[in-house]
Every structure is written in structure tokens, then in C-alpha cells.
Amino acid sequence: QVQLVESGGGLVQPGGSLRLSCAASGLPFSNYGVGWFRQAPGKEREFVAAISRSGGNLYYVDSVKGRFTISRDSAKNTAYLQMNSQGPGDTAVYYCAASYSVLPGRGTHMYDYWGQGTQVTISS
């Protein structure tokens, strides 16, 4: 049974930082790219960042470039999203997803497995 479990969400003040983790089990993690998506209330789920199987290709939505960093540790079957300089626009439920595609993209349809999400709230 494949599971992706996100953790690390919470409440942080504007300008603060959080690191999200995505722990994978039940699949050959090194064969999957990983993406992070987020969904704010009343909005569609949007792409945030992705990392390829090897970790050599990284993708970001423009709004998080320079602030967020995606990474992975395949030995630990875990992917991460380091979020710095956060603002109210970053408030959302964050989801990780695994894609068998060689280069994971921005579309939700490219991902085979999804986690349940973790809430991130930016507020003073």
C-alpha cells in the first residue's frame, strides 16, 4: 500500500519559515519524482514545486522562486519543501505527490499518488 505522509505544517508569522516533509512508503521512491501542491480555501489546487527522480531537475512556480526550496533524500524515502519569507498568500493546505514521469510537471494529472495534506497558516 502506497502512502505519502506530509508533516511540518503549522502557524507561522509573516516572514517566517517552515520545512515540510513528505515521507513515502510502499513504492520505489527513487523511481518517482515528487511534487508539492497547495490549495487555499475557495481556490483550485496549484503547483508549487517539483523535483525529478534523480534530484537533478527542479521546478518552481514563479511566486515561490527564491523563497522555497524542494529537495529529497531517497535513502530516507523523504522529500522536503523548505519555505522561507512566507507571506499570507502562502496560507494553504500543502500536498505532496509522487509521479512516475521522468520529469514531473505542473499538472495534477501527472501524479500517481497523493498525500492527505498539511495545513500551513501565515498570520500575525
Side-chain angles (χ1 to χ4, degrees):
Q1 179 182 1
V2 175
Q3 281 192 312
L4 300 176
V5 180
E6 302 95 337
S7 62
L11 173 66
V12 65
Q13 293 185 342
S17 299
L18 283 174
R19 187 176 82 155
L20 304 183
S21 298
C22 173
S25 61
L27 76 171
F29 185 68
S30 59
N31 289 353
Y32 284 78
V34 176
W36 285 95
F37 291 76
R38 64 188 180 186
Q39 188 165 18
K43 295 187 177 181
E44 293 186 353
R45 191 169 299 189
E46 69 165 346
F47 170 80
V48 176
I51 186 168
S52 61
R53 296 169 176 176
S54 67
N57 298 89
L58 309 178
Y59 309 91
Y60 298 94
V61 68
D62 287 347
S63 61
V64 308
K65 285 181 180 177
R67 301 189 299 122
F68 290 13
T69 303
I70 189 171
S71 62
R72 66 186 296 158
D73 185 341
S74 291
K76 295 182 178 180
N77 286 358
T78 302
Y80 305 95
L81 185 68
Q82 177 67 43
M83 306 185 292
N84 299 329
S85 302
Q86 292 185 274
D90 296 323
T91 294
V93 176
Y94 283 71
Y95 300 88
C96 70
S99 170
Y100 196 67
S101 298
V102 174
L103 294 176
R106 301 168 181 263
T108 57
H109 67 281
M110 299 185 71
Y111 291 82
D112 305 288
Y113 303 103
W114 291 83
Q116 293 299 307
T118 184
Q119 176 70 48
V120 172
T121 303
I122 314 303
S123 176
S124 55

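Because the structure is predicted, anything quoted here is derived from the model rather than measured.
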Side-chain contact test, heavy atoms from C-beta onward, threshold under 4.5 Å: evaluate it for Phe29 versus Val34 and give yes or no. yes
Should Phe47 and Thr108 count as side-chain neighbours, where that means a heavy-atom distance under 4.5 Å? no
Is it true that a side-chain atom of [X] and a backbone atom of [Y] form a donor plus acceptor pair closer than 3.5 Å?
X	Y	value
Ser85	Arg67	no
Asp112	Tyr100	yes
Arg106	Ala50	no
Arg53	Asn31	yes
Tyr60	Gly66	no
Ser52	Gly33	no
Ser101	Ser99	no
Glu6	Gly117	yes

For a quick test of reading the model, state the closest non-hydrogen atom pair linking [X] to [Y] and the distance between them.
X	Y	result
Gln82	Asn84	NE2-OD1, 2.9 Å
Ser21	Thr78	CB-CG2, 4.2 Å
Ala92	Ala40	CB-N, 3.8 Å

Set out, in order, the CA-CA distance, both residues' side-chain angles and the distance that settles side chain to side chain contact (heavy atoms under 4.5 Å, CB included) for Asp90 and Met83, then state yes or no. CA-CA 9 Å; Asp90 296 323; Met83 306 185 292; 6.0 Å; no
Using 0.5 Å steps for rounding, measure from the [atom1] atom of [X] to the [atom2] atom of [Y].
X	Y	atom1	atom2	answer
Cys22	Asn77	SG	CG	10.0 Å
Arg19	Ser71	CZ	OG	7.0 Å
Arg72	Leu58	CZ	CG	10.5 Å

Between [X] and [Y], is there shared hydrophobic-cluster membership here, with clusters defined by ILVMFWY side-chain heavy atoms closer than 4.5 Å?
X	Y	value
Ile51	Val5	no
Val61	Trp114	yes
Leu11	Leu18	no
Tyr113	Leu20	no
Leu4	Val48	no

Is atom CD of Gln119 surrounded by more than 12 heavy atoms (other residues, nucleotides or ligands) closer than 6.0 Å? yes
Which of these, Val64, Leu81, Val93, Thr118, sits in a side-chain contact (heavy atoms from CB on, under 4.5 Å) with Arg38? Val64
Ring center gap for Tyr111 and Phe37 short of 6.0 angstrom: yes
Dump the intermediate steps for side chain to side chain contact (heavy atoms under 4.5 Å, CB included) on Phe68 and Trp36, then the final yes or no. CA-CA 11 Å; Phe68 290 13; Trp36 285 95; over 6 Å; no
